[in-house]
Peer 1: 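Provided herewith is a single structure, encoded as structure tokens, for subsequent inquiry.
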Amino acid sequence: METPWSAPVTEMLRAGAETDLTSFDRGGKHGFDGDKALGKAYMRERGRHLAELQEKLYAAGRSGESRSVLLVIQGMDTAGKGGIARHVLGMVDPQGVTVSSFGVPTEEERAHHYLWRIEQRLPRPGRIGVFDRSHYEDVLVVRVHDLVPRDVWEPRYEEINAWEQEVVASGTTIVKCALLVSKDEQLNRLADRLHRPDKYWKYSTSDLDERAHWDDYQQAYQAMLTRTSTDHAPWYTIPANRKWFARLAVTELLIDALERLDLEWPEPDFDLAHERARIERLRLTGG
Ligand code: ADP
């Protein structure tokens, strides 16, 4: 299939100093020339490519390569964070993927530095790690609700940049996706959860309390995107009102990250000719 993208997703959705959430089109298709049906068909094709790249990464990890990929997903309630893990990573071998969700810190976690629990969940060599929420909660919910004073959360932006630089230097490619849903669409999705028995379980009475802080959250997201989108670990702003689009965009970003690793299938660590000859002998002798 010919590419339906008019420009690389990495360029179109890359966040930086010029990112302005107040004008960002959360329902847009940013360079995708096609409808939902085309998007879904294209996603299947790209999924096969993603699966092959992931298998190469896994194979490289088994052969002693140290590299890995970390996908960080942030987004307001209902933005579709869980759907990314299910629908994007669902297209690859689950053995090679570890998904970690970060909720309210436990007592043990609170006793440590906020990056402690994050570090435990970094992907091992050859794996793709997915963070459903992340260390960025420590400059989002923590900032919005004053869970610590400003002079404690303020230096975290720089601290996170420096920490991520070390993680990247140790061989982990970091791809950060902010799923951006509009305020209206969030209300539709919350309402939907109250009208479908298969979605009641997703509803939390605190979701509406959090929604009341929408503007503060937008400011916190804005600061996060402008202050922590670095060359070593860029943020991508993902329009999330169309779920199919958000999932396709994240698929493309993962493919890009894996392609940049320039992975090769590992060479055999055994004598190929000798092993082939052994099999041939067994064929001939019926053994
Ligand atoms: P989800 O809402 O993603 O389905 P949970 O019900 O476990 O998952 O909710 C996660 C909650 O934990 C969110 O409200 C989030 O803001 C909160 N949280 C995550 N990290 C932190 C943190 N470091 N400090 C305080 N709250 C946090």
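First listed ligand is number 1; within each ligand, the first listed atom is number 1. Predicted model, so just to flag it, every value in this text is computed and none were measured.
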Peer 1: Measure from NZ or CZ of R227 to the centre of the six-membered ring of Y157 and say whether it is under 6.0 Å with the direction within 45° of the ring axis.
Peer 2: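 Checked: cation-pi criterion met.
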
Peer 1: If the condition is ring pair (Phe, Tyr, Trp, His ring centres under 6.0 Å), which residues does H113 pass it with, not counting sequence neighbours?
Peer 2: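 For H113, no residue satisfies ring pair (Phe, Tyr, Trp, His ring centres under 6.0 Å) once neighbours in sequence are set aside.
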
Peer 1: What pairs meet the ring pair (Phe, Tyr, Trp, His ring centres under 6.0 Å) rule with one or both residues in residues 258-277, with sequence neighbours excluded?
Peer 2: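 Counting only pairs at least two positions apart or across chains, no ring pair (Phe, Tyr, Trp, His ring centres under 6.0 Å) contact touches residues 258-277.
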
Peer 1: If we ignore hydrogens and angles and just use 3.5 Å, is the side chain of Y236 paired with the main-chain N or O of E11 as donor and acceptor?
Peer 2: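 Side chain of Y236 to backbone of E11, a donor-acceptor pair under 3.5 Å: no, none is there.
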
Peer 1: Closer than 4.0 angstrom, basic N to acidic O: yes or no for E45 and K40?
Peer 2: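 No, no charged N to carboxylate O under 4.0 Å.
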
Peer 1: Are there any N/O pairs under 3.5 Å between ligand 1 and the protein, and if so, what are their distances?
Peer 2:
residue  : atom   : partner : partner atom : Å
ligand 1 : 2 (O)  : R133    : NH2          : 3.0
ligand 1 : 3 (O)  : R133    : NE           : 2.9
ligand 1 : 3 (O)  : R133    : NH2          : 3.2
ligand 1 : 12 (O) : V104    : N            : 3.1
ligand 1 : 16 (O) : E137    : OE1          : 3.0
ligand 1 : 20 (N) : G103    : O            : 3.2
ligand 1 : 20 (N) : R117    : NH2          : 3.2
ligand 1 : 23 (N) : R117    : NH2          : 3.3
ligand 1 : 23 (N) : D138    : OD1          : 3.2

Peer 1: Run the salt bridge (charged side-chain N to carboxylate O under 4.0 Å, His left out) test against K199 and tell me which residues pass, sequence neighbours left out.
Peer 2: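 Residues passing salt bridge (charged side-chain N to carboxylate O under 4.0 Å, His left out) with K199: D192.
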
